[in-house]
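The model shown is predicted, which means the values in this text are computed figures rather than measured ones. Heavy atoms only: backbone and side chains are in, while hydrogens, waters and symmetry mates are out. Order of the sequence lines fixes the chain letters, A, B, ..., with proteins taken first and strands second; residue numbering starts at 1 for each chain.
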Amino acid sequence: MNKLDASEQKKLLEEEYPELAGEAPKKKEEEHRKGLPPLPNAVEGKVRVRFAPNPDFVIHMGNARPAIINSEYAKIYKGRMVLRFEDTDPRTKSPLKEAYDLIKQDLRWLGVEWHEEYIQSLRMDIYYKIAREMLTRGCAYVDTCGERGRELLRSGEGYCETRDASPEENLSLFDKMLEGHYGEGEAVVRVKTDPRHPNPSIRDWVALRIIDTERYPHPLVGSKYRVWPTYNFAVSVDDHLMGITHVLRGKEHALNTEKQLYVYKCMGWEPPVFIHFGRLKLEGFILSKSKIRELLEKQHDKFMGYDDPRFGTIAGLRRRGILAEAIRQVILEVGVKPGDATISWANLAAVNRKLLDERADRIMYVDNPVELRLEAPSCVEAEIPFHPSRPARKRKLRVCPGDGVLIEKNDASSGELRLMGLGNFRVDTGENLLSMVEDQSLDYARSKRVPIVQWVPASDAVPVKVLEPQGLELIVHNGYAEPAIRGYSVDSKLQFIRFGFIRIDEPGREPVAIYAHK
RNA sequence: GCCGCGGUAGUAUAGCCCGGCCCAGUAUGCGGGCCUCUCGAGCCCGUGACCCGGGUUCAAAUCCCGGCCGCGGCACCA
């Protein structure tokens, strides 16, 4: 079978399997498969989902999963998507002022659309109000026992006495909290759960605590507030108030769901549908925010910033030349499974390559150059299209007798080769000469299986620095490209023929490119 | 340690709820061929998996039990 040529193969296929060879195969079925599974309890037009990042850093591939999945479901069900910044810890997870905008940029770039936007640190009065309501209803209390209250619950031996005090007393304790009578750790609002719950973290979990914002000012609201809601409290309140119908988040939140249900129960709210999916890794990339921050701090000169192409941040992948569409595609393929998934770089690159292939112009770049002198009776000219499927757009390259031509050192073994678009030549490595072969035709090269290689006229070769991420290292290539390279602006994606796809990181006289993949 | 959730080819995913149409589909990777002025793309062929052990059943990737492995959680972090 393999020995047959394409038309023979096709013919055979048509004879043997007529139903497979048809022009319109089962495309529809496959597209159906790529979609996300239906959401339980979802009504078209009524679905409300959310993406709720902590603005303490830019988002990465792991965060892209909930962002893309949620927005995709909003699209499927013609629902609404809420973007909510969860920035209620100015102390240990201090928000980064720039991150709010950077995250929005990344989301827009990813094609994530949202219809409403909230910032938790700007909604403090709402949390206070609900806290009061819960205190009034007697399903929360102000623990003023400090370390002792915490210890009592941890050991399961009891709880702070205020748990049994009246709502009125607790309400006034809460006022004292707000008024600044207590320091950090001296008073917290706890949600009454079960003081002997098998999981100690669920026992009367903390809904609001005091943070000394004189010492740890919040980047948005400074020292205006001292009493801050915890994640679980703020999330429950917001998910309800924002009318969220489906919560899709990582499985690290499974236990939080259990905690949050106590708020719903106390307030008589109907809880949304919760769906937890596994963690996402990107093979060979660091995703951890804290690790990236650490690297940026400790090895400042080694990395280019949060968007370094060696990082798995969205910005880093973008800078690497990965298209948003490719990221969407692999994430949608992973879907909402509870299990963890490791996206292989080969897979992401393959998807990206396919998308890039139709748009990226082909440019000749010689990575490891050796200069040969052209021996020819007269000048020769090549006309090469920028893209094989758009032959009309092309540039001319001309070399004359005595001119230097750069080719890959590896290609410069003695023998014949074809300089792409130019003609067939014989290499003399001793004299560093390129002499013309009598037959200049492409057919000659084909029939003799002469390698077809890229080349650059030495006289106007443009030095190009190509940075190739490899793990945490960056390999620097110093090669030369044809002059057409100067015509591309930042962010252009090109294919360097026989080298790989690259993205222009810095245009100019001596451009800098970043290697994406083969 | 305790609690929860998972385990389909190298990777990812379909099938598992409602057992048979699954000697397990798809994508990518890998090997080969055809085609193409690229080592890219396209087309074709091939390669390769139901964690292990029991049980239920005429029939199990699918249901039950046990084990092993992996991940997550056990904060006044989100």
Side-chain angles (χ1 to χ4, degrees), chain A residues 1-10 12-13 29-30 33-34 37 52-56 86-89 91-95 120 143 146-147 149-150 154 184-190 198-202 205-211 228 230-232 234-235 249-256 258 276-279 281 283 289 329-330 332-335 337-351 353-354 356-358 360 362 364 382 384-385 388-389 410 418-424 441-443 445-446 450-454 495-501 517-518:
Chain A
M1 190 84 162
N2 291 342
K3 295 217 172 87
L4 306 177
D5 69 33
S7 63
E8 282 175 290
Q9 284 183 14
K10 199 181 172 200
L12 188 68
L13 184 72
E29 193 180 287
E30 273 174 33
R33 278 188 162 174
K34 290 215 163 153
N54 180 336
D56 62 344
E86 313 212 313
D87 56 349
T88 59
D89 181 11
R91 185 175 47 199
T92 55
K93 276 208 176 156
S94 183
Q120 288 188 326
D143 174 341
E147 189 54 41
R150 203 204 291 223
R154 183 161 40 203
E184 282 189 6
E186 289 173 4
V188 293
V189 175
R190 290 183 181 278
N199 188 329
S201 86
I202 289 188
W205 57 268
V206 173
L208 299 103
R209 81 294 206 191
I210 292 164
I211 292 174
W228 287 84
T230 59
Y231 167 78
N232 279 305
V235 164
R249 50 173 25 165
K251 65 179 174 187
E252 64 272 22
H253 292 292
L255 185 66
N256 290 324
E258 198 179 337
H276 299 125
F277 40 75
R279 302 276 244 165
K281 277 180 255 169
E283 183 190 73
K289 290 179 178 182
Q329 223 168 292
V330 297
L332 254 15
E333 190 185 317
V334 168
K337 291 219 325 168
D340 295 343
T342 304
I343 291 177
S344 75
W345 172 248
N347 210 128
L348 216 210
V351 172
R353 185 184 303 124
K354 222 157 271 180
L356 238 34
D357 187 65
E358 30 187 279
R362 271 55 167 173
M364 295 196 286
I384 306 173
S389 59
N410 290 338
R418 178 175 178 82
L419 300 189
M420 200 179 243
L422 192 66
N424 305 322
S441 72
L442 177 58
D443 287 343
R446 284 240 179 90
V450 170
I452 299 169
V453 306
Q454 81 277 27
Q495 188 198 45
F496 280 173
I497 292 169
R498 297 210 303 151
F499 182 77
F501 289 89
H517 46 72
K518 251 273 173 284

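- Side chains of A:L356 and A:Q495 form no contact here, defined as non-hydrogen atoms less than 4.5 Å apart.
- With hydrogens and angles ignored, the 3.5 Å screen pairs a side-chain donor or acceptor of A:D340 with a backbone N or O of A:R279.
- Rounding to whole angstrom units, CD1 of residue A:I452 and P of B:rU36 are separated by 10 Å.
- Residues satisfying the side-chain contact (heavy atoms from CB on, under 4.5 Å) criterion with A:A350, sequence neighbours excluded, are A:R353.
- One interatomic measurement links the two molecules: CH2 of A:W345 to P of B:rG29, which rounds to 13 Å at whole-angstrom precision.
- Remark: A:P198 engages no residue in a side-chain contact (heavy atoms from CB on, under 4.5 Å) (not counting sequence neighbours).
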Exercise for review: Going 5' to 3' through nucleotides 67-74 of chain B, assign each nucleotide B (protein heavy atom under 4.0 Å from a base atom), S (under 4.0 Å only from sugar-phosphate atoms) or - (no protein heavy atom that close).
Suggested key: ----BSSS
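- Regarding A:I343, its CD1 atom lies at a distance of 15 Å from the P atom of B:rU28, rounded to whole Å.
- Contact of A:D56 with B:rA78 (side chain to base): no donor-acceptor pair of N or O atoms is detected under 3.5 Å.
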Listing time: all N or O pairs from protein to nucleotides 16-18 of chain B that are below 3.5 Å?
none

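- Which of B:rG29, B:rA12, B:rC76 sits closest to the side chain of A:R353 comes down to B:rG29.
- When each of A:A341 and A:Q454 is assigned the nucleotide of RNA chain B bearing its nearest heavy atom, the one mapping closer to the 5' terminus is A:A341.
- In this structure, of B:rC76, B:rG40, B:rU11, it is B:rG40 that holds the atom nearest to the side chain of A:K518.
- A donor-acceptor contact under 3.5 angstrom links the side-chain atoms of A:Q495 to the base of B:rU38.
- With sequence neighbours excluded, the residues forming a side chain to side chain donor-acceptor pair (under 3.5 Å) with A:T92 are A:D89, listed by chain and number.
- The side chain of A:V188 sits closest to B:rC76 out of B:rC76, B:rA12, B:rA78.
- Atom CD1 in A:I202 sits roughly 13 Å away from atom C1' in B:rA75 (whole-Å rounding).
- Contact of the A:L208 side chain with the A:T230 side chain is not registered, since no non-hydrogen atoms from C-beta on lie closer than 4.5 Å.
- Straight-line distance between the C1' atoms of B:rG31 and B:rC77: roughly 50 Å, to the nearest whole Å.
- Residue A:P338 places its side chain closer to B:rC5 than to any other of B:rC5, B:rG40, B:rA12.
- Ranking B:rU28, B:rA78, B:rG40 by closeness to the A:A350 side chain, first place goes to B:rU28.
- Comparing the same atom, C1', in B:rU62 and in B:rG15 gives a spacing of 8 Å after rounding to whole Å.
- Using a 4.0 Å heavy-atom distance criterion, A:G185 is classed as a base contact.
- In this structure, the CD atom of A:Q120 is 14 Å from the P atom of B:rC77, given to the nearest Å.
- For the pair A:R362 CZ and B:rU38 P, the computed distance is 10 Å after rounding to whole Å.
- Contacts of A:S389 with the nucleic acid, taken as non-hydrogen atoms under 4.0 Å apart, are absent.
- Nucleotides B:rU56 and B:rC63, compared at atom C1', are 8 Å apart to the nearest Å.
- Here the P atom of nucleotide B:rC5 and the CG atom of A:N256 are 16 Å apart, to the nearest Å.
- For the C1' atoms, the distance from B:rA9 to B:rC51 is 14 Å, rounded to whole Å.
- Here the side chain of A:K354 is nearest to one of B:rU38, B:rU13, B:rA27, namely B:rA27.
- For A:W228, the ring pair (Phe, Tyr, Trp, His ring centres under 6.0 Å) criterion is met by A:H218, not counting sequence neighbours.
- Secondary-structure stems of RNA chain B, taken as three or more successive Watson-Crick or G-U wobble pairs (i with j, i+1 with j-1) under a 3.5 Å distance threshold, comprise B:1-7 with B:68-74, B:10-13 with B:25-28, B:29-34 with B:42-47, B:51-55 with B:63-67.
- Taking the C1' atoms as reference points, B:rA24 lies 16 Å from B:rU47, given to the whole Å.
- Comparing B:rG55 with B:rU13, their C1' atoms sit 30 Å apart, to the nearest whole Å.
- The C1' atoms of B:rC35 and B:rC45 are separated by 15 Å, rounded to the nearest whole Å.
- Contacts of A:E147 classified as side-chain contact (heavy atoms from CB on, under 4.5 Å), with partners at least two apart in sequence or in another chain: A:R150, A:R154.
- Residue contacts for A:F499: at a heavy-atom cut-off of 4.0 Å it reaches no nucleic acid atom on any strand shown.
- Checked against B:rA78, B:rG29, B:rU38, the side chain of A:A346 finds its nearest nucleotide in B:rG29.
- For the salt bridge (charged side-chain N to carboxylate O under 4.0 Å, His left out) test, no residue two or more places apart in sequence or in another chain qualifies with A:E283.
- Legend: residues meeting side chain to side chain donor-acceptor pair (under 3.5 Å) with A:R190, ordered by chain and number and at least two apart, are A:D143.
- Regarding A:R91, its CZ atom lies at a distance of 10 Å from the P atom of B:rC76, rounded to whole Å.
- Evaluation of the side chain to side chain donor-acceptor pair (under 3.5 Å) rule for A:S94 yields no partner, not counting sequence neighbours.
- The C1' atoms of B:rU11 and B:rG4 are separated by 27 Å, rounded to the nearest whole Å.
- For A:Q120, the side chain to side chain donor-acceptor pair (under 3.5 Å) partners are A:E86, A:D238, not counting sequence neighbours.
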